[in-house]
Amino acid sequence: MIEENELIENRLEKLKTLREKGADPFAVERFDRSHTAMQLLTGADEIGEQTVSAAGRVVSMRPMGKATFLHIQDSTGRIQVYIKADTVGAETYQLLSLVDIGDFLGVEGSIGKTRTGETTIFAKGFEVLSKSLRPIPIGKQKGDQEWYGLQDVEQRYRQRYLDLIVNPEVMDTMVKRSIIVRAIRQFLDDEGFIEVETPVLQAVAGGAAAKPFDTYYNALNHEFHLRISLELYLKRLMVGGFDKVYEMGRVFRNEGLSTRHNPEFTLLELYQAYTNLEDMMDLVERLFNNICQQLYGGHTFSYNGETISLERPWKRIPLLESIREHTGIGPEEFETLESAKSAGVRLGLPMDEENTIGGIVDKIFERFVQPKLIQPVFITEYPVDISPLAKKDPANPGMTRRFEPYIAAYEVGNAFSEINDPLDQRERFIDQARQRATGDAEAHPMDEDFLRALEHGMPPTGGLGIGIDRLVMLFTSSPSIRDVILFPQLKPEKQ
RNA sequence: GGGUCGUUAGCUCAGUUGGCAGAGCAGCUGACUCUUAAUCAGCGGGCCGAAGGUUCGAAUCCUUCACGACCCA
């Protein structure tokens, strides 16, 4: 449905005329390109006299009577085209008056430079390959400073295709996202990991502290949930005999939206038998350096003006030590719930809803420590009550063998030596059920099927999870998760 | 969930104390055969997010709602 609008009517009229002249743009099926815009711009000298062809969207037009300059844009860049009535013939030239900014044009000609030195296709002919019936809000520079383009963030998200046409940095970020994902797969494949796929629809959604999306499967007459993590199914595979597995997939959490949260996001989880969390730290360091190498050719990159160095080894510091460092409150104050609460109150945090020591520690850390963690650091030793799937630390009562890597104040992962003691795991689930009963909707649900798997025996295993979206934010200096997701969640428009 | 801000032409934005709704870009008509997101002359284009209220008079003030951004929980 196209609403009445003068601009659209004009273009519909032009389309009609093109069709009458036997140049129906929508009848075209293919066009042979010899080069991309970038290849023409960088390789003009080697190309020499030969005839080239290129295609793209018209992004600017400067008609000057019987000659016209325009730019076409493809996924690699923009190149100028010069079309002269004498060269292409008067009849063909007249078709140009039916071309609008936004249309797709195929051009054939020779490459050269204009008087002012811009590399340009001097057209011998052209073809309209598709017509844009709605105006494209392509920006324009007037004088030194005035820019016009697509600014409205809501429209940029709802109509991302326009954003991609108009704002080149969006395409750039998404290409980097692809490079990162590819680097991860390549790295893990080279390390001998097997990529697997596990169910998205789950009867029990576990593996993380989050509320799931609920749905209903008619054929089985049963309620299901969209997964909130990959963890419990991948561990079942460790029971089954995989030594090294990973999955990179979409998970869903029924939570609010923010610059760091989208309800669906991409999670990488991997598990490696016979390794512990020190091995996972080693893997994280190597993986991040590998990504950085592929993106920027070294082990440093810039995040919002800060230079981040991924050089190994990264600093390691226990969670409670990091809190002491930044608040002066020592580990001894977190031994009882009462003193932990009073420490929180002393720091000015509301403590009404907190009912576990781990919860209070988490809150204080997030507020006072996390923002300071710019260079890479592994925070280690997390309290048992907020780590229901991590092995207890025998040397450190109340703590688990767990770490989270932080870079540029981002939590970029979560890893631990996995619990493989089914008796311990059952106790943790029971404890979580107690928290759930007191109103914590995010406490981990009991999962008897998973416990049964553990009871068959799982080797000692190191596990690691990495949020891909935040990783991309980190490596592309993106302030919002919406900048790294092509179609971020929005409320539907009213009809 | 709470707070702050935003929503005006296709796009980017002005709009004074409440007094005829504007500009640039693009669009249309014309001129122009090396322009630099051209230049020159002219012309169109609006449910001012929605609904209610105050007022002689509302884009502007008040209320509610919708959508979005940022901050906080």
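So you know, we letter chains A, B, ... as the sequences are listed, proteins then strands, and number each from 1. Values below: every heavy atom of this structure, side chains too, minus hydrogens, waters and symmetry copies.
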Worksheet item: At under 4.0 Å between heavy atoms, what does A:Arg482 touch on the DNA or RNA strands: base, sugar-phosphate, or nothing?
Response: sugar-phosphate
Discussion item. Counting distance alone, no hydrogens or angles: does the base of B:U35 have a donor or acceptor under 3.5 Å from a partner atom on the side chain of A:Glu118?
Written reply: no
Worksheet item: Is it the case that more than 12 heavy atoms not belonging to A:Glu49 sit under 6.0 Å from its CD atom?
Response: no
Worksheet item: More than 12 non-hydrogen atoms from neighbouring residues, nucleotides or ligands closer than 6.0 Å to CD on A:Glu91, yes or no?
Response: no
Worksheet item: NA contact type, A:Arg158, heavy-atom cut-off 4.0 Å: base, sugar-phosphate, or nothing?
Response: sugar-phosphate
Worksheet item: Which part of the nucleic acid, if any, lies within reach of A:Gln80 when heavy atoms closer than 4.0 Å are counted: base, sugar-phosphate only, or nothing?
Response: base
Output one line per pair: protein atom, nucleotide atom from nucleotides 28-31 of chain B, and distance, for all N/O pairs under 3.5 Å.
{"unit_1": "B:C28", "atom_1": "OP1", "unit_2": "A:Lys14", "atom_2": "NZ", "d": "2.4"}

Discussion item. Just to be sure I understand the rule, does A:Thr259 reach a base, reach only the sugar-phosphate, or reach nothing, if contact means heavy atoms closer than 4.0 Å?
Written reply: sugar-phosphate
Discussion item. Check the orientation of A:Tyr296 and A:Phe475. Use parallel for under 30°, tilted for 30 to 60°, and perpendicular for over 60°.
Written reply: tilted
Pair up each side-chain donor or acceptor in residues 203-216 of chain A with any protein partner under 3.5 Å, not counting sequence neighbours, and list the distances.
{"unit_1": "A:Asp214", "atom_1": "OD1", "unit_2": "A:His225", "atom_2": "ND1", "d": "2.6"}
{"unit_1": "A:Tyr216", "atom_1": "OH", "unit_2": "A:Asn221", "atom_2": "O", "d": "3.4"}
{"unit_1": "A:Tyr216", "atom_1": "OH", "unit_2": "A:Asn221", "atom_2": "OD1", "d": "2.3"}

Worksheet entry | Parallel, tilted or perpendicular: ring planes of A:Phe378 versus A:Trp314, cut at 30 and 60 degrees | parallel
Worksheet item: Which part of the nucleic acid, if any, lies within reach of A:Asp152 when heavy atoms closer than 4.0 Å are counted: base, sugar-phosphate only, or nothing?
Response: sugar-phosphate
Worksheet item: Aromatic ring centroids of A:Phe365 and A:Tyr406 under 6.0 Å?
Response: yes
Worksheet entry | Charged N-O contact under 4.0 Å between A:Arg33 and A:Asp74 | yes
Worksheet item: A:Arg62 side chain N/O closer than 4.0 Å to the phosphate oxygens (OP1, OP2) of B:U35?
Response: no
Worksheet item: Hey, where does RNA chain B pair up into stems, meaning at least three consecutive Watson-Crick or G-U pairs with distances under 3.5 Å?
Response: B:1-7 with B:66-72, B:10-13 with B:22-25, B:27-31 with B:39-43, B:49-53 with B:61-65
Practice prompt. Indicate, with a heavy-atom threshold strictly under 4.0 Å, whether A:Leu490 touches base, sugar-phosphate, or nothing.
Written response: sugar-phosphate
Worksheet item: Counting any heavy atom closer than 4.0 Å, what does A:Lys491 reach on the DNA or RNA strands: base, sugar-phosphate only, or nothing?
Response: sugar-phosphate
Worksheet item: With no hydrogens and no angle check, is any side-chain donor or acceptor of A:Thr300 less than 3.5 Å from a backbone partner on A:Ser309?
Response: no
Worksheet entry | A:Arg346 side chain to A:Ile329 backbone, donor-acceptor under 3.5 Å | no
Fill in: Between P of B:G45 and CG of A:Leu7, the distance in whole Å
12 Å
Item to complete: Using a heavy-atom cut-off of under 4.0 Å over every strand shown, decide if A:Phe122 touches base, sugar-phosphate, or nothing.
Response: base
Worksheet entry | Donor/acceptor link under 3.5 angstrom from A:Arg156 side chain onto base of B:A69 | no
